[in-house]
Every structure is written in structure tokens, then in C-alpha cells.
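The first residue of the sequence shown is numbered 1, and numbering continues consecutively from there. Computed from a predicted structure; not experimentally measured.
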Amino acid sequence: MGERRGRPLPLAAYAVPSHARPPGEPAHIRKVVPVKQQVAQETSQPTAPVAARQQRPTLRVGVLGSGTVGTQVIRLLLEQADDFAARSGARLEITGVAVRDVDAPRDEAVPRDLLTDDAQAVATSNDIVIELIGGIEPARTLILAAFASGASVITGNKALIAAHGPELYAAAAEANTDFYYEAAVAGAIPVVYALRESMAGDRVTSVLGIVNGTTNYILDEMSTKGLSFEEALAAAQELGYAEADPTADVDGLDAAAKAAIIASLAFHTRVGMNDVEVEGIRSITADDIREAHASGCELKLLAIAQRREDEQASGISVRVHPALVPADHPLASVHGGFNAVLVEAEAAGRLMFYGQGAGGTPTASAVLSDVVAAAAHRVNGGQAPRESNYADLPILPPEQALTRYQIQLRVADAPGSLAAVAQVFGDHDVSINSVRQASYVDVGDELALVTIVTHAAPVSRLEAAVDGLRAQERVAEVVSTRRVEGL
């Protein structure tokens with residue numbers, strides 16, 4: 001791999017000095033030069049941009065992994081080298097691409113002379129290391145080695161950050177280098193930057209988002225085409241949206257890792273995977289979709305990070321689960337494999353980020369934005385934001401999360417039934433938002449299918465109300481309960 005080059009001089013060392021100001025001219029006065037004279041000056045000597053371009057330092061870049069995203073990162077770095085040099089202030093030279101099998105067929109965008117199976121060398125002999133292997137190991141060991149060598153690290157590895165974030169932040173701080181991970185949360189959408197930097201002057205109260213394109217595609221196919229879960233999953237796998245083993249996506253684990261990162265950034269508190277309540281979409285049926293439409297809603301798998309401060313509880317709740325979203329809510333119109341994240345803050349109000357949450361080129365866009373930032377810091381000075389966990393807010397148990405329920409019941413079709421049901425909700429301090437009797441299901445002359453939507457309440461009270469309904473003699477069956485968000 002060759003010897004590691006020394007850290008380049010700041011770009012200021014290569015700057016071309018401007019013409020001296022005439023003696024006695026005030027600093028705030030700018031001399032106006034006629035256009036013809038400007039042209040003559042520019043053609044008689046090298047301009048500052050040209051001189052800077054000729055003298056830019058070179059930064060060595062190593063890439064760990066050459067899958068879908070890694071291939072596009074490499075292609076763009078090579079094809080747009082001049083643009084990246086102008087944006088960052090340095091030439092970015094890819095010195096090696098670590099892969100498991102050097103001889104395996106791969107995209108021609110990746111020069112074969114860059115391939116190596118020595119991942120350790122790539123991790124420890126470069127100024128910037130891009131980790132796109134995924135998983136916990138060997139990614140964790142390689143990133144720690146890169147930090148120890150003084151490299152800046154860019155990754156899209158949400159599982160690793162959710163599991164070992166504090167360790168990685170500490171290693172970056174000890175090495176006094178950068179750690180960037182924009183691609184870990186929502187593909188091309190700049191959610192990490194927004195929460196870590198743009199929202200640093202505000203107090204975030206909640207984050208609500210669709211952060212997994214596979215599950216959104218599946219639910220969208222079920223909603224728009226009437227497919228079953230199994231049929232929609234098969235379609236997603238055929239198109240490459242879902243893996244052969246779709247567990248991480250359909251069981252909500254991928255979204256949970258992203259939710260942990262989002263909550264950590266939004267609330268300045270360390271949140272790990274074990275702090276996230278998770279429910280996937282395997283149980284969603286055609287009846288659930290039909291009931292959602294009858295209620296004027298869409299079903300979405302949501303990642304929710306929420307700050308609660310009231311008389312009953314103080315802290316944050318983080319959860320991933322299917323939820324009904326009103327049709328007029330911004331998240332209801334997010335289709336296919338797209339992602340969207342809705343942030344609410346005390347001063348800024350509501351902000352929404354929308355775009356492609358997966359795919360080689362969109363995700364490469366997020367990776368390369370981090371590369372430019374890291375390179376600029378190595379040339380000009382400065383550093384990425386460090387971990388912010390000063391708030392250290394308590395993680396609330398799932399039963400203290402605030403949400404709404406939509407509860408579908410089969411009840412006796414007789415006078416007094418709704419009053420009896422309403423009494424159960426009142427006994428558990430849960431307020432009813434709406435009641436609707438379904439007309440599309442024939443349950444016989446003696447029963448009625450009733451759908452009730454509550455106002456927001458802690459899950460503990462909502463669950464107690466559901467248990468009370470099951471015990472109520474006029475309730476034949478609690479058919480389903482679904483959470484409602486965005487009302």
C-alpha cells in the first residue's frame with residue numbers, strides 16, 4: 001500500500017496573496033476596476049483558483065467494501081475527481097478497495113488494480129476511510145484501527161452505530177479525527193446533518209419517520225394493489241428491494257437501529273437498540289389495510305422518537321411499529337421505496353425531509369457529502385461534531401409512551417352497548433376521539449362492528465382499557481388494535 005503520507009499543510013499555505021491595498025485606503029472601501037482592465041489582469045497572470053488547483057494537497061482514500069453503495073462511491077469519486085477537489089480543497093486519491101474475493105466478478109466502475117483482500121492495510125494507511133461492509137464485525141475492528149491510525153472515518157453502518165456508537169465516538173475523539181455517518185439513517189436524506197448541526201440551536205420534541213424503504217414498498221403495494229403481505233414481499237424481493245432473508249426489514253430491526261441513532265441525536269442522550277420497542281409488519285393483513293382506508297388512513301411502519309415531560313413522566317420513548325396515518329398527513333403520501341422524516345422542534349416547528357432512502361447512487365450521495373466535509377477539515381482545520389449526550393434523559397418504558405389507539409370491536413347491536421363501551425374508556429381515563437360503525441362487514445343481526453379512535457394517552461392506560469373491553473359482557477370480541485400517529 002506504500003508509506004502513509006504526512007498530513008498535508010492547510011490550504012491557506014497554498015493561497016495566492018491578493019493585491020496590496022493602496023496606502024491610506026480605508027479597509028472598508030473596495031476599489032472598482034473596469035471590466036477591460038480586469039480581463040487584462042486575469043490574462044496576464046494565473047488566477048487564484050488556477051494556482052490553488054495546481055497546488056492542492058492529495059488525501060489518500062481507502063474503501064472497505066465494494067457492494068452496491070461502495071461501487072457507486074468509487075465511480076463518482078473517479079468520474080468527478082475535479083469537482084470533489086474543488087469542493088474539499090484536496091485531490092482525493094483512492095489507494096485501495098478491500099473486498100473478500102479479489103477475483104469475483106464486479107462492476108467495471110471499480111478498477112481491478114485497486115482491489116485487495118488486506119482490509120487492515122486499507123483501514124490503517126489512509127487519510128480517509130470509507131466503511132461500507134455492514135454488520136458488526138469486522139467493521140467495528142477496522143473502524144477502530146482506522147481511528148487509531150489517525151484517519152477520518154465515514155460509514156453507513158446503522159447496526160454498528162446503534163450497537164457500539166459510544167465506543168466509536170470515543171475513539172474518534174481520542175484520535176482527534178472525524179466520524180461521519182449520514183448514510184446510516186435515511187439514504188440520501190440529510191437527517192443526521194439536520195439533527196446534529198442544523199437543529200443544534202433548537203429543542204427537538206419529536207421525530208416521526210418512514211426510514212425503511214422495503215417495508216414502505218410492501219405496505220404501499222398492499223394498499224394500492226390489494227396484494228397480501230406474502231405477495232408484496234415476493235414482489236419486493238424480485239425487484240431487489242428486499243433481501244432473500246428479509247428479517248431485518250420486515251421485523252423492524254433495520255428501522256429500530258435508525259430510530260436509536262435518530263433519538264440519540266435529537267435528544268442528546270445515548271440510545272441503543274435495546275431501548276427501542278419494535279414491532280414489524282408480518283402481521284398486517286388485507287383486512288387491516290381495508291380498515292385503514294375506511295378510517296381515511298394509510299398503514300405505515302414508523303420510527304418514532306418522542307420526548308415526554310408532564311406530571312406523569314419525564315424522559316424519551318423510542319419505538320418502531322405499524323401505525324395508521326391520516327390520509328392528509330405528509331407521511332401518508334410517501335410511496336414505494338421512499339423515506340420521509342418529520343421533525344418537530346420548539347422554535348422551528350415542523351420540518352420534513354423526503355427522498356430516496358436506499359439504492360446505490362442515492363446512498364453514495366450521502367457518503368460523499370461526508371467525504372467532502374472530512375477532507376475539507378483535514379485541509380482547512382476544524383472537525384465534525386462530537387457526540388452530544390449531555391442531557392442524559394431517562395429512557396421511558398414502552399407503557400409510558402404517548403399514542404392513540406384505533407380499536408375494532410364486535411359488540412351487541414342493542415341500545416346501551418356504546419354507553420357501556422364508553423364507560424370502560426372513562427374508567428381508565430382514556431378519552432374517545434371518534435366512533436364509527438362499519439357497513440362493509442356483515443356480522444349478523446345481533447352484532448355490530450365498531451371502530452373507536454382514542455385521544456392520546458399513555459400505552460399503560462390504553463392497554464388497561466382494551467383489557468376492560470374484553471371483560472365487558474356487551475363486547476363479543478376485540479378484533480384488532482392499531483396505533484394511530486399524526487392526528
Side-chain angles (χ1 to χ4, degrees), residues 65-72 100 106-107 132-136 139 156-163 183-189 191 209-262 273 276 278-289 292 298-304 319-323 325 331-341 354-367:
S66 181
T68 301
V69 178
T71 296
Q72 295 307 316
R100 289 182 179 177
R106 69 187 66 249
D107 195 296
L132 297 170
I133 299 172
I136 304 300
N157 195 333
K158 60 268 189 182
L160 177 61
I161 297 170
V185 172
I189 307 173
V191 175
I210 296 168
V211 295
N212 183 276
T214 300
T215 52
N216 198 57
Y217 174 84
I218 291 171
L219 293 175
D220 196 43
E221 290 289 285
M222 293 177 70
S223 177
T224 58
K225 297 181 180 179
L227 301 183
S228 67
F229 169 78
E230 292 75 16
E231 291 170 332
L233 173 58
Q237 290 172 321
E238 185 176 348
L239 291 172
Y241 288 137
E243 302 288 343
D245 179 3
T247 300
D249 292 323
V250 300
D251 289 345
L253 303 178
D254 176 84
K258 296 171 180 177
I261 297 171
I262 286 172
M273 277 285 287
V276 184
V278 187
E279 178 188 350
I281 65 169
R282 290 185 190 269
S283 64
I284 302 296
T285 66
D287 286 342
D288 291 322
I289 299 293
E298 292 288 344
L299 257 174
K300 299 291 185 181
L301 182 73
L302 299 182
I304 303 168
R319 58 192 192 272
V320 169
H321 55 70
V325 179
L331 294 181
S333 59
V334 178
H335 299 293
F338 279 75
N339 284 187
V341 178
Y354 169 84
Q356 297 189 62
T361 305
T363 306
S365 170
V367 171

*Residues in salt bridge (Lys or Arg N to Asp or Glu O under 4.0 Å) with K300, at least two apart?*
none
*Classify the side-chain pair D245/T247 by whether it contains a donor and acceptor separated by less than 3.5 Å.*
yes
_How long is the straight-line distance from CG of N212 back to CG of N339, given to the nearest 0.5 Å?_
7.0 Å
*Can you name the closest pair of heavy atoms from Y217 and A235 and give their distance?*
OH-CB, 4.0 Å
_If you compare all heavy atoms of G187 against all heavy atoms of A366, which two are closest, and at what distance to 0.1 Å?_
O-CB, 3.2 Å
_For V211 against A303, the heavy-atom pair lying closest together_ = CG2-CB, 3.8 Å
*Under the side chain to side chain contact (heavy atoms under 4.5 Å, CB included) criterion, do F229 and I281 qualify, and how do the steps go?*
CA-CA 8 Å; F229 169 78; I281 65 169; 3.7 Å; yes
*Just how far is it from atom CG of L233 to atom OG1 of T214, taken to the nearest 0.5 Å?*
9.0 Å
*Within the distance-only criterion (no hydrogens, no angle test), does the side chain of D249 pair as donor or acceptor with the backbone N or O of T215 below 3.5 angstrom?*
no
*Classify the side-chain pair D220/S223 by whether it contains a donor and acceptor separated by less than 3.5 Å.*
no
*Please work out which of the three classes, parallel, tilted or perpendicular, describes the rings of Y354 and F338, given edges at 30° and 60°.*
parallel
*Would you sort out whether V276 and V320 count as a side chain to side chain contact (heavy atoms under 4.5 Å, CB included), showing the intermediate values?*
CA-CA 7 Å; V276 184; V320 169; 4.2 Å; yes
*Listed by chain and number, what are the salt bridge (Lys or Arg N to Asp or Glu O under 4.0 Å) partners of E279, not counting sequence neighbours?*
R482
